[in-house]
Amino acid sequence: MAEKQLKTRCTPDGRLIRNTVIKVRLHPTPEQAALFDRTFGCCRWLWNQMLADEQRFYAETGEHFIPTPARYKKEAPFLKEVDSQALCSVHQSLRQTFMRFFRDPEAGHYPNYKRKKARKNAYQTFCHNNPSGPTLYLGENGVRLPKAGMVRARLHRRPLHWWVLKSAVVSRSRSGKYFCSLIYEYAVRPPKAAAPAAEKTLGLLYSMSRFYVDSEGRAPDPPHWLRQSQEKLGRMQRRLHRMQPGSKNYEEQVKKLQRLHEHIANQRLDFIHKESRRIANAWDAVCIRSVDLREMSRTHGNVMEAGFGRFRICLQYKLERQGKPYVAVSGPASSAEHIRELGLAQLCA
């Protein structure tokens with residue numbers, strides 16, 4: 001399971017509305033898996049069709065218009081076999097993508113057509129409280145999804161009783177595993193922000209060999225698991241290159257590579273969450289240098305494979321949820337101790 005912060009809003013009485021995602025592994029039956037695959041295909045087909053019609057309408061009239069999913073159900077009756085909320089979410093996602101692009105063309109990307117062999121297939125469905133009951137809920141041993149019914153899932157934790165289930169995202173990884181990300185909403189009192197002391201403030205400096213170095217002169221143990229997994233990945237790729245493309249052994253080796261890539265990503269994410277949680281609980285403030293990892297990758301190789309950018313995001317929201325400051329220090333810095341001093345100066349300013 002994974003937990004991350006989404007958009008934060010406020011209630012009229014001053015409480016913060018937070019969203020938390022609980023991700024569970026699904027174990028669907030063959031019929032349920034086939035339904036998920038059909039839903040992925042329908043969402044992809046609907047996205048491409050709506051995008052093509054929008055471009056055609058703009059070329060003819062000079063105005064932007066995105067048809068609703070109901071417009072296509074007559075000519076494509078297979079859309080009626082899947083969850084209608086998934087089709088509505090495709091329409092909303094395409095509309096929001098266009099809005100972000102028109103608001104800031106440099107930051108937002110123009111929507112592209114979706115390919116069948118995408119890296120990840122997913123669709124979103126929303127929870128509605130009907131007289132017969134909610135359309136989406138978490139059961140004792142599974143998740144109830146529209147059209148699919150109760151899907152068996154591996155549950156590692158339960159939401160608190162005051163959390164409200166808003167929506168769910170069903171996804172399939174390239175290795176063939178199915179997941180469901182349950183999005184909950186709840187309100188909390190804003191944490192009290194306290195002025196951090198110098199002895200409880202930590203400075204972090206990115207390190208290519210040790211992930212980071214802090215102002216106390218310490219660094220986490222090198223991620224030996226990443227090196228071992230990458231060495232195994234190299235051996236499997238060399239073995240794949242010696243096989244005949246299209247053969248049975250070749251296809252089995254490709255599936256093994258996909259599972260290994262997923263395993264490496266899970267290892268990296270597990271290390272990032274544990275390390276960011278340890279720092280957020282142990283220190284009252286963290287100052288970190290805001291380096292451009294993309295620019296650094298052009299001169300120092302692939303520095304993004306360790307996940308330091310994701311580490312900064314996780315550390316920031318974990319600190320903010322506890323009312324602790326996260327300070328991004330720009331400009332040159334000679335050491336992590338120097339970053340801590342610059343961060344303290346920004347906090348006191």
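Model, not experiment: these values are computed from the prediction. Scope of the values below: all heavy atoms of this structure, side chains included, with no hydrogens, waters or symmetry mates.
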CA sep, side-chain torsions, deciding dist, call: L87, K73, side chain to side chain contact (heavy atoms under 4.5 Å, CB included): CA-CA 11 Å; L87 305 180; K73 289 188 177 181; 4.0 Å; yes
Backbone N/O of P220 and side chain of R210: donor-acceptor pair under 3.5 Å: yes
Euclidean distance, I66 CD1 relative to L94 CG, rounded to 0.5 Å: 4.0 Å
From CA spacing to verdict: side chain to side chain donor-acceptor pair (under 3.5 Å), Q96, Q92: CA-CA 6 Å; Q96 292 173 359; Q92 294 179 5; 5.0 Å; no
Q258 and S175: side chain donor to acceptor below 3.5 Å: no
hydrophobic_cluster_shared for L35 and F40, side chain cutoff 4.5 Å: no
Check: V329 and V327 side chains under 4.5 Å, non-hydrogen atoms: yes
Same cluster (ILVMFWY, side-chain, under 4.5 Å), V213 and L342: no
Stepwise side chain to side chain contact (heavy atoms under 4.5 Å, CB included) test for R277 and K318: CA-CA 7 Å; R277 174 56 63 190; K318 287 180 171 66; 3.5 Å; yes
Backbone N/O of R218 and side chain of D214: donor-acceptor pair under 3.5 Å: yes
Q346 to A328 - nearest heavy-atom pair and separation: OE1-O, 3.9 Å
Spacing of CE belonging to M50 relative to OG1 belonging to T68, to within rounding of 0.5 Å: 9.0 Å
Side-chain donor or acceptor of S247 paired with backbone N/O of Q244 under 3.5 Å: yes
Side-chain donor/acceptor of K324 to backbone N/O of W283, under 3.5 Å: yes
Test item: E185 side-chain N/O and N19 main-chain N/O as donor-acceptor pair under 3.5 Å: no
Minimum heavy-atom distance between A153 and L26, given as atom pair plus value: CB-CD2, 3.8 Å
Inter- and intrachain pairs under salt bridge (charged side-chain N to carboxylate O under 4.0 Å, His left out), touching residues 335-347, at least two apart: E337-R340
Close side-chain approach of L155 to R158, heavy-atom, < 4.5 Å: yes
Heavy-atom closest contact (P111 atom, T97 atom, distance): CB-CG2, 3.8 Å
Nearest heavy atoms of C127 and L136, plus distance in Å: SG-O, 3.3 Å
Step-by-step side chain to side chain contact (heavy atoms under 4.5 Å, CB included) determination, V143 to Y137: CA-CA 6 Å; V143 181; Y137 59 86; over 6 Å; no
Check: T39 side chain, V82 main-chain N or O, donor-acceptor pair, under 3.5 Å: no
Minimum side-chain heavy-atom gap R152-Q32 below 4.5 Å: no
Sub-4.5 Å side-chain heavy-atom contact between R172 and K177: no
All side-chain hydrogen bond (donor to acceptor under 3.5 Å, both in side chains) counterparts of Q253, not counting sequence neighbours: none
Between W45 and F78, ring centroids under 6.0 Å: yes
Linked, directly or transitively: L165 and Y123 (ILVMFWY side chains, under 4.5 Å): yes
Candidate list S93, S167, S89, test side-chain hydrogen bond (donor to acceptor under 3.5 Å, both in side chains), partner Q124, passing option: S167
Sequence neighbours excluded, every pair satisfying ring pair (Phe, Tyr, Trp, His ring centres under 6.0 Å) that has a member inside residues 82-105: H64-F102, F98-F102, F98-Y110, F101-Y110
Non-hydrogen side-chain atoms of D284 and T201 separated by less than 4.5 Å: no
Ring centre gap for F311 and F271 strictly below 6.0 Å: no
CG-CG distance between L233 and L260, expressed to the nearest 0.5 angstrom: 5.0 Å
Other residues, nucleotides, ligands: >12 heavy atoms within 6.0 Å of R310 CZ: no
Distance-only polar pair, side chains of Q322 and N281, donor-acceptor under 3.5 Å: yes
Any donor-acceptor pair under 3.5 Å from K200 side chain to A282 backbone: yes
Side chains of P325 and L347 in contact at under 4.5 Å (non-hydrogen atoms): yes
Modelled atom types, side-chain donor and acceptor of H241 and Q237, under 3.5 Å: no
SG on C180 to CG on L138, rounded to 0.5 Å: 8.5 Å
R259 CZ to N266 CG distance, which is reported to the nearest 0.5 Å: 13.5 Å
Gap between atom CG of L202 and atom OH of Y212 - 0.5 Å precision: 7.0 Å
Nearest heavy-atom neighbours spanning R189 and R15: NH1-CG, 3.5 Å
Under 3.5 Å: donor-acceptor pair, side chain of T135, backbone of H128: yes
Cluster overlap V151 with Y184, hydrophobic side-chain contacts below 4.5 Å: yes
Within-4.5 Å side-chain heavy-atom neighbours: Y206 and R289: no
Side-chain touch L240/Y250, heavy atoms, less than 4.5 angstrom: yes
Any donor-acceptor N or O pair under 3.5 Å, side chains D37, Y178: yes
Listed once per pair and sorted, the salt bridge (charged side-chain N to carboxylate O under 4.0 Å, His left out) pairs that draw on residues 76-103, sequence neighbours left out: R38-E81
F126-L145 co-clustered via ILVMFWY side chain contacts under 4.5 Å: no
Closest approach of R238 to R235 (non-hydrogen atoms, all atoms of both residues): NH2-CG, 3.2 Å
Listed once per pair and sorted, the salt bridge (charged side-chain N to carboxylate O under 4.0 Å, His left out) pairs that draw on residues 245-254, sequence neighbours left out: none
Ring center gap for Y326 and Y317 short of 6.0 angstrom: no
Qualifying residues under side-chain hydrogen bond (donor to acceptor under 3.5 Å, both in side chains), relative to E75, sequence neighbours excluded: R71
Residues Q267, H263; criterion side chain to side chain contact (heavy atoms under 4.5 Å, CB included); working and verdict: CA-CA 6 Å; Q267 285 181 314; H263 178 67; 3.3 Å; yes
Ring-ring centroid check W163 Y186, cutoff 6.0 Å: yes
